[in-house]
Amino acid sequence: MSIYSEYIASFSIPRERINQFELLIGFNPLEKRFFTEEEERLCVRALQFVDRSFLLEDAHNFSYQKLAKLHLKEFPEIESLINQENIIEKLWEKYIDFFDIAELGYIFPQQINTEWEKQKAIVIEKNNELRSEIDKRTVENLKGSGRIAWTLNIPGNGFLGRLIEEKSGITKQIKENYSIVNYPSGLIARYLLDKNIPRALTPRQFEEFVGKVFETEGWVIKLTKETRDGGKDLIATKFDNFGNKHLAYIEVKRFNEKNKIGIELVKQFFATLLIDKVSKGFFVTSSAFTKPTINLISDNEICSTRIQLMDRIKLQEKINEIAQKELTPYLMKM
């Protein structure tokens, strides 16, 4: 498997399930080797279209036929999957709950471009370091359990990567309303690159993520209460080069793209800044601002010097910038 995969997963497998696991990852449990591409392709085709009684006969000499027969022995439900294209995916969906994910690590490389050759060596190094740590922790944790460990690099954009995310990854934790404060900003930014933010994050998680965006720009962030926050979601402080302390309020709205921020919400935020005598405010949304709202800020000198608007497009630019700034290896807390 490619070492440039996004996930490094360590599985804890009951001994009685090891043959099933190894077959699902493309490893021959009898010959102790990975399938060749041709074996894998022909085996799946045989399971899809060849008569089961024929495959179960003993007189088969081709390696793919032996593999198909072994699949039938280990996975009785294959009988009901004839003529289906995604047999292996269906089996993974059924069996993944038998295989505990002991450790899960993330390696999110920067986008593959002209700089990729320079980055590749770093990716390999970080991958090896993280994988070594995962192997060490898994062996220690499984000592005396009677279970077997397998560590794999898994592409995040494939069906298995998605299954792992749903079972044990960031996606699972976010859906269960876990806080994202402790995740590195680069990791969350990379995770959100291809996500619909209003669907991916809860309102509170979105506030936390916006706080992490501002942290990358040197601000120290404090989240206010979820309710009765006094008209601001985040309080930001920063010292300049001369040691002067700057205070800013950040208001955050996680709206769907079509639900734009109107004048009244911005006026309320502006009033909060005036009442609290805070000279700087940022209004951040996952949607956009109405044209009258934008004009209110741009045409009014007091407003324009006090409030900065950040819409979905500007936020996406920040996400891209953070995601591409550094390689982010990360080991989940399981």
Side-chain angles (χ1 to χ4, degrees), residues 1-50 52 54-79 81 84-105 107 120 123-125 127-139 142-143 145-164:
M1 286 190 173
S2 170
I3 60 172
Y4 309 115
S5 304
E6 292 175 345
Y7 306 148
I8 307 173
S10 175
F11 292 86
S12 166
I13 307 135
R15 289 190 177 275
E16 66 272 16
R17 298 282 183 181
I18 190 61
N19 284 359
Q20 295 169 335
F21 178 85
E22 291 182 341
L23 286 172
L24 287 174
I25 66 171
F27 187 82
N28 189 320
L30 302 181
E31 300 179 9
K32 302 303 177 184
R33 64 173 179 83
F34 283 100
F35 308 161
T36 65
E37 289 185 13
E38 182 179 36
E39 283 176 333
E40 188 167 16
R41 177 175 56 83
L42 292 176
C43 173
V44 171
R45 298 293 285 178
L47 291 171
Q48 287 173 326
F49 302 118
V50 176
R52 299 304 198 250
F54 173 77
L55 285 176
L56 288 171
E57 292 177 3
D58 291 330
H60 292 308
N61 296 318
F62 291 111
S63 59
Y64 79 87
Q65 294 172 320
K66 294 177 182 178
L67 283 173
K69 183 177 179 180
L70 190 55
H71 276 77
L72 288 172
K73 176 184 175 183
E74 295 291 343
F75 304 109
E77 51 276 280
I78 285 183
E79 291 286 350
L81 299 178
Q84 292 198 29
E85 292 289 333
N86 55 350
I87 286 179
I88 302 303
E89 292 183 30
K90 292 291 185 183
L91 291 176
W92 264 113
E93 289 172 0
K94 177 178 175 61
Y95 281 84
I96 193 168
D97 286 337
F98 295 120
F99 316 134
D100 293 337
I101 298 173
E103 301 287 345
L104 181 61
I107 289 282
K120 186 162 64 173
V123 174
I124 293 172
E125 179 185 357
N127 184 290
N128 290 340
E129 288 176 0
L130 189 56
R131 181 158 182 157
S132 177
E133 182 179 355
I134 285 174
D135 283 337
K136 181 179 178 181
R137 286 176 51 157
T138 302
V139 169
L142 295 186
K143 191 180 296 183
S145 68
R147 298 171 75 90
I148 299 173
W150 258 97
T151 302
L152 300 171
N153 286 77
I154 299 168
N157 59 355
F159 75 90
L160 183 53
R162 292 192 294 272
L163 277 179
I164 288 173

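If you read the sequence from its start, that first residue is 1, and numbering goes on from there. Scope of the values below: all heavy atoms of this structure, side chains included, with no hydrogens, waters or symmetry mates.
- The shortest heavy-atom contact between Leu47 and Ala68 is CD2-O, 3.6 Å.
- No side-chain heavy atom of Ser12 sits under 4.5 Å from any side-chain heavy atom of Thr138.
- Side chains of Asn86 and Leu81 form no contact here, defined as non-hydrogen atoms less than 4.5 Å apart.
- Between Ile13 atom CD1 and Ile18 atom CD1 the span is 4.0 Å, to the nearest 0.5 Å.
- The minimum heavy-atom distance between Glu39 and Tyr64, with the atom names listed, is O-CB, 3.8 Å.
- Counting heavy-atom neighbours within 6.0 Å of Glu37 CD, excluding the residue itself, gives a total of 12 or less.
- Between Lys66 and Glu31 there is no salt bridge, since no side-chain N of the basic residue sits under 4.0 Å from a carboxylate O of the acidic one.
- Here the two rings, on Trp150 and Phe99, have centers that are 6.0 Å apart or farther.
- Scanning all heavy atoms of the two residues, the minimum distance from Ile134 to Ile8 falls at CD1-O, 3.6 Å.
- For the residue pair Phe98 and Pro14, the shortest heavy atom distance occurs at O-CD, 3.4 Å.
- When the salt bridge (Lys or Arg N to Asp or Glu O under 4.0 Å) test is applied to Asp100, the partners found at least two apart in sequence or on another chain are Arg147.
- Taking Phe35 as the reference, nothing meets the ring pair (Phe, Tyr, Trp, His ring centres under 6.0 Å) condition, with sequence neighbours excluded.
- For the atom pair Asn128 CG and Ile107 CD1, the distance stands at 9.5 Å (nearest 0.5 Å).
- With values rounded to the nearest 0.5 angstrom, Glu129 atom CD is found 12.0 Å from Ile124 atom CD1.
- To the nearest 0.5 Å, the span separating SG on Cys43 from CD on Gln48 amounts to 10.0 Å.
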Side-chain donor-acceptor contacts of residues 87-94 below 3.5 Å, not counting sequence neighbours, with atom names and distances?
residue	atom	partner	partner atom	Å
Trp92	NE1	Leu24	O	3.3

>> With side chain to side chain contact (heavy atoms under 4.5 Å, CB included) as the criterion, how do Asn153 and Tyr7 come out once you've worked through the C-alpha distance, each side chain's angles and the decisive distance to 0.1 Å?
In response: CA-CA 6 Å; Asn153 286 77; Tyr7 306 148; over 6 Å; no
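- With rounding to the nearest 0.5 Å, the separation of CG in Leu67 from CG in Asn28 is 5.0 Å.
- Proximity of a side-chain donor or acceptor of Arg15 to a complementary backbone N or O of Gly146 within less than 3.5 Å is detected.
- In this structure, CD1 in Ile164 is found 12.0 Å from CD in Glu6, a value given to the nearest 0.5 Å.
- Judged by distance alone, the side chain of Gln20 and the main-chain N or O of Glu74 form a donor-acceptor pair under 3.5 Å.
- When every heavy atom of Thr151 is checked against every heavy atom of Arg131, the shortest pair comes out as O-NH2, 2.7 Å.
- For Arg162 (side chain) and Asn157 (main-chain N/O), a donor-acceptor pair under 3.5 Å exists by modelled atom type.
- Using cut-offs of 30° and 60° on the angle between ring planes, the pair His71 and Phe75 is tilted.
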